[in-house]
2 protein chains.
Amino acid sequence: MKLSTKGRYAVTAMMDLAIHDRDGPVTLADISNCQGISLSYLEQLFARLRQSGLVEGVRGPGGGYRLGKPSQQISVSDIIVAVDESIDNTRCKGNKDCNKGEKCLTHHLWNDLSERLYEFLDGISLAEFIKDPEVRKISRRQDSTASRIANMFPPRSKAS
Amino acid sequence: MKLSTKGRYAVTAMMDLAIHDRDGPVTLADISNCQGISLSYLEQLFARLRQSGLVEGVRGPGGGYRLGKPSQQISVSDIIVAVDESIDNTRCKGNKDCNKGEKCLTHHLWNDLSERLYEFLDGISLAEFIKDPEVRKISRRQDSTASRIANMFPPRSKAS
DNA sequence: TATAAAACCTACTAAATTAGTATGGATTAT
DNA sequence: ATAATCCATACTAATTTAGTAGGTTTTATA
């Protein structure tokens, strides 16, 4: 279990999808503008998310990405595991056979901790976030057609 | 809250100190040998840990590092915060004033998540790990004089 | 008191990861 | 046909992680 800005980008992008789930697909250009992440980098992240079945892409105009399954079934762990590579954290995987005895003891303890952390984040689903009162406000403000049209004239700050 | 191999090194090194707490100070050379981390890198990490009061150094022969406070009072969060720099994760700190409205909403949600994670890891102390049955076995095996002498003739693999 | 073990300190370099750029193709609504 | 969008690959830049090198200071102990 690793947690870096890369994972944060993926999680916040997925939150975005969850928030607008009923408004139809969200384009990466939107997320890029809204969250200040480069478009191509997002594409790389979403390639992974797609491979893991967490999102599905819709091609062509009006397309974008939408969640690959209900937000209740997508956990924070799922997202992080999808984008961060495996990390193979100790060689011996906590089997404590990598250097007989003490050397591996701390690896074993670390693996226990890592496992607890994973389970903790696995217990938090995307669905929890869209229940946030702030989210409901935003979400209500944008009916699907309005947001669709708005998406066609994005603010275009400077994020390519 | 960030979680990288750097944080892992610090946590496992601290576990080492906690395990051998009653055996007198543990040298960085030992940890370097046992865990395969370079000595100088450990020195850098321990400089931080010392600044945070999590460890105290004992100079001279027979010296090393020991815990700066009881293992019950040192949480995993404490350790990670000490070594990983702040990460200033979103500019606006979840105040949602960094770009009026939606842009910041996901930041806000991320901060909530980050906070929950922090609290989770803050609830796990070093003391919990040394209760592990494997640990007690190792710990019992090494009385203080034996380990002291052993430390003077380290295995010296290749870690400088 | 000389010696060596260790912490402590600083500057530099190497490796890995994260992030971004560039370019083009494939699909599809309009 | 056009343009919006996903999709894919290759490359570069920036940042972080990790290690190297060279010291100094402190201190137990022979």
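- Under the side-chain contact (heavy atoms from CB on, under 4.5 Å) criterion, B:Pro61 pairs with no residue at all, not counting sequence neighbours.
- If you measure from atom CG of A:Leu39 to atom P of C:dA19, you get 16 Å, rounded to the nearest angstrom.
- Listed candidates were D:dC6, C:dA19, D:dG19. Nearest to the side chain of A:Thr27 is D:dC6.
- Within the 4.0 angstrom heavy-atom criterion, only backbone atoms of the sugar-phosphate kind lie near B:Tyr65; the bases stay farther away.
- Atom CD1 of B:Ile31 and atom P of C:dC8 are 13 Å apart (whole Å).
- Ring pair A:Phe120/B:Phe120 is parallel by interplanar angle, where below 30° counts as parallel and above 60° as perpendicular.
- In this structure, the side chains of B:Val55 and B:Met14 come closer than 4.5 Å at one or more pairs of heavy atoms.
- With hydrogens and angles disregarded, no donor-acceptor distance shorter than 3.5 Å links the side chain of A:Ser75 to the backbone of A:Gly123.
- A salt bridge (Lys or Arg N to Asp or Glu O under 4.0 Å) check over residues 111-123 of chain A, counting only residues at least two apart or in different chains, returns the pairs A:Arg116-B:Glu128.
- The side chain of A:Arg50 contributes an N or O atom lying less than 4.0 Å from OP1 or OP2 of D:dA8.
- For residues 36-57 of chain B, the salt bridge (Lys or Arg N to Asp or Glu O under 4.0 Å) pairs, not counting sequence neighbours, are B:Arg48-B:Glu85, B:Glu56-B:Arg66.
- Nucleotide D:dA14 holds its C1' atom 12 Å from the OH atom of A:Tyr41, rounded to whole Å.
- The CG-P distance, from B:Leu28 to C:dC8, rounds to 8 Å in whole Å.
- As a whole-Å value, the separation of A:Leu42 CG from D:dC7 C1' is 14 Å.
- Under the salt bridge (Lys or Arg N to Asp or Glu O under 4.0 Å) criterion, no residue pair touches residues 68-78 of chain B, with sequence neighbours excluded.
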Could you go over nucleotides 23-26 of chain D and give all protein N or O partners under 3.5 Å, atom names and distances?
from, atom 1, to, atom 2, distance (Å)
D:dT26, O4', B:Arg59, NH1, 2.8

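- For the pair B:Thr5 and D:dT17, the criterion of a side-chain N or O lying under 4.0 Å from OP1 or OP2 is not met.
- For B:Ser40 and D:dG19, the shortest distance from a side-chain N or O to OP1 or OP2 is not below 4.0 Å.
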- Query: Does the pair B:Val76 and B:Phe129 meet the rule for a side chain to side chain contact (heavy atoms under 4.5 Å, CB included), with working shown?
  - Reply: CA-CA 11 Å; B:Val76 174; B:Phe129 293 103; 4.3 Å; yes
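- With rounding to whole Å, A:Lys6 atom NZ is found 15 Å from D:dA14 atom C1'.
- OP1 or OP2 of C:dT18 has at least one side-chain nitrogen or oxygen of A:Lys2 nearer than 4.0 Å.
- Atoms CD (B:Gln51) and P (C:dA7) sit 16 Å apart, rounded to a whole Å.
- A donor-acceptor contact closer than 3.5 angstrom is absent between the side chains of B:Gln73 and B:Ser125.
- If you take CZ of B:Arg48 and P of D:dA18, they are 13 Å apart, rounded to a whole angstrom.
- End-to-end axis angle of the helix from C:dT1-D:dA30 to C:dT30-D:dA1, from C1' rotation axes over five pairs per end: 10° (rounded to 10 degrees).
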